[in-house]
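Below: one structure, written as structure tokens.
Values in this document were obtained by computation on a predicted structure and should not be read as measured data.
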Amino acid sequence: TTVKVNADNSVYGNKVIVKVTASENGKVTVNVGSNVRTIDVKANKVTSIDFGILDAKSYEVNATFDGGKNYQTSSDKTSLVVSPKSSTITLVDFVNSYVYAQNVIIKMKSDVDGALTVKVGDTLQTKQVTVGDIVSFDCGILNVNAYVVTIDWMSGNNYIPFQKTTSIA
């Protein structure tokens, strides 16, 4: 008896689908990391297994055919990588120039949840953002000068970190 397992690489946020084929009818147990599914398979038919959305990282995929009383146990393995998803931070309201004695407020919107950090000159602020919400950073009244504005979003493992640099003069 033989079993074959196939898994395509994926991007975080997309479902991971594993395909299994066995040479006989029976049960196959498939492990993707610590995620386990046991399914019934038909001889020489491809069976797809939905493992849902998995964290971004590398996985070993193991498939084991349970031979029961009539067949030998068989196994196969492969690997797959779930890559981090990209993210975007949109500047909703941002002026590249300002008049002294006015508060400088930067408004942004994110397509993912997480912590967003804005640095203007030596001032650093971090706020939690939720998908689609607009978050405001009040930079206060700045001295007359040119400032570099750095926007960082540290995403953990599932998203690609985002950084944008612009200036206020």
Side-chain angles (χ1 to χ4, degrees), residues 1-94 106-119 124-137 149-166:
T1 302
T2 59
V3 64
K4 294 287 180 197
V5 63
N6 182 314
D8 292 330
N9 292 334
S10 185
V11 174
Y12 178 76
N14 296 329
K15 291 182 177 183
V16 172
I17 307 295
V18 174
K19 295 180 180 177
V20 176
T21 307
S23 60
E24 305 296 337
N25 293 340
K27 290 200 178 296
V28 174
T29 299
V30 180
N31 301 60
V32 177
S34 61
N35 303 284
V36 181
R37 306 277 192 284
T38 299
I39 57 159
D40 291 314
V41 295
K42 300 290 182 193
N44 301 312
K45 301 286 182 188
V46 176
T47 303
S48 295
I49 308 156
D50 182 348
F51 278 85
I53 297 171
L54 300 179
D55 284 338
K57 64 180 185 177
S58 297
Y59 293 89
E60 185 172 285
V61 180
N62 294 296
T64 304
F65 178 84
D66 177 3
K69 298 175 190 171
N70 300 320
Y71 302 104
Q72 283 187 318
T73 298
S74 174
S75 63
D76 189 29
K77 68 180 177 178
T78 188
S79 61
L80 75 90
V81 174
V82 177
S83 300
K85 183 177 181 178
S86 62
S87 58
T88 54
I89 307 296
T90 306
L91 288 172
V92 175
D93 186 10
F94 179 78
I106 302 171
K107 294 182 180 178
M108 287 168 271
K109 185 162 93 172
S110 172
D111 68 346
V112 293
D113 296 336
L116 189 60
T117 301
V118 172
K119 183 177 181 185
L124 187 70
Q125 295 181 50
T126 301
K127 292 188 179 183
Q128 289 296 317
V129 294
T130 304
V131 174
D133 286 350
I134 295 174
V135 63
S136 294
F137 289 85
V149 178
T150 305
I151 302 161
D152 277 310
W153 185 73
M154 295 310 295
S155 56
N157 295 331
N158 292 328
Y159 293 92
I160 297 169
F162 174 90
Q163 185 176 56
K164 180 177 182 112
T165 303
T166 188

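The distance from the OH atom of Tyr59 to the CG atom of Asn31 is 13.0 Å, given to the nearest 0.5 Å. The CG atom of Asn14 lies 11.0 Å from the CG atom of Leu54; values are rounded to the nearest 0.5 Å.
Across all their heavy atoms, Gln128 and Ala115 have their closest contact at NE2-CB, 3.5 Å. Nearest heavy atom pair, residue Ile17 against residue Ser48, reads CG2-CB, 3.9 Å. Taking all atoms of both residues into account, the shortest heavy-atom contact from Val18 to Ala7 is CG2-CB, 4.1 Å. Across every non-hydrogen atom of Asn35 and Phe51, the tightest pair is O-CE2, 3.5 Å. Annotation for Lys127 and Val135: closest pair CD-CG2, 3.5 Å, computed over non-hydrogen atoms. Contact between Val46 and Lys19 at its shortest, heavy atoms only, is CG1-CB, 3.9 Å.
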Could you walk me through whether Phe137 and Leu116 pass the side chain to side chain contact (heavy atoms under 4.5 Å, CB included) test, one step at a time?
CA-CA 10 Å; Phe137 289 85; Leu116 189 60; 4.0 Å; yes

*For Val30 and Val28, run side chain to side chain contact (heavy atoms under 4.5 Å, CB included): C-alpha distance rounded to whole Å, both residues' side-chain angles, the deciding distance at 0.1 Å, then the answer.*
CA-CA 6 Å; Val30 180; Val28 174; 3.9 Å; yes

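Between Asn157 and Asp55, every side-chain heavy-atom pair lies at or beyond the 4.5 Å cut-off.
Using a distance-only test at 3.5 Å, with no hydrogens or angles considered, a donor-acceptor pair links the side chain of Asp50 to the main chain of Gly52. A donor-acceptor pair is defined here as one N or O able to donate and one able to accept, closer than 3.5 Å; no such pair exists between the side chain of Thr21 and the backbone of Lys4. Although no hydrogens or angles enter the test, the distance criterion places a donor-acceptor pair under 3.5 Å between the side chain of Asn158 and the main chain of Ala56.
Partners of Tyr12 by ring pair (Phe, Tyr, Trp, His ring centres under 6.0 Å), not counting sequence neighbours, listed by chain and number: Tyr159.
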Please set out all donor-acceptor pairs under 3.5 angstrom arising from side-chain atoms of residues 70-83, sequence neighbours excluded.
| unit_1 | atom_1 | unit_2 | atom_2 | d |
| --- | --- | --- | --- | --- |
| Tyr71 | OH | Glu24 | OE1 | 3.4 |
| Ser74 | OG | Thr1 | O | 3.3 |
| Ser74 | OG | Val3 | N | 3.4 |
| Asp76 | OD2 | Val5 | N | 2.9 |

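Listed by first and then second residue, the salt bridge (charged side-chain N to carboxylate O under 4.0 Å, His left out) pairs involving residues 56-69 amount to none (not counting sequence neighbours).
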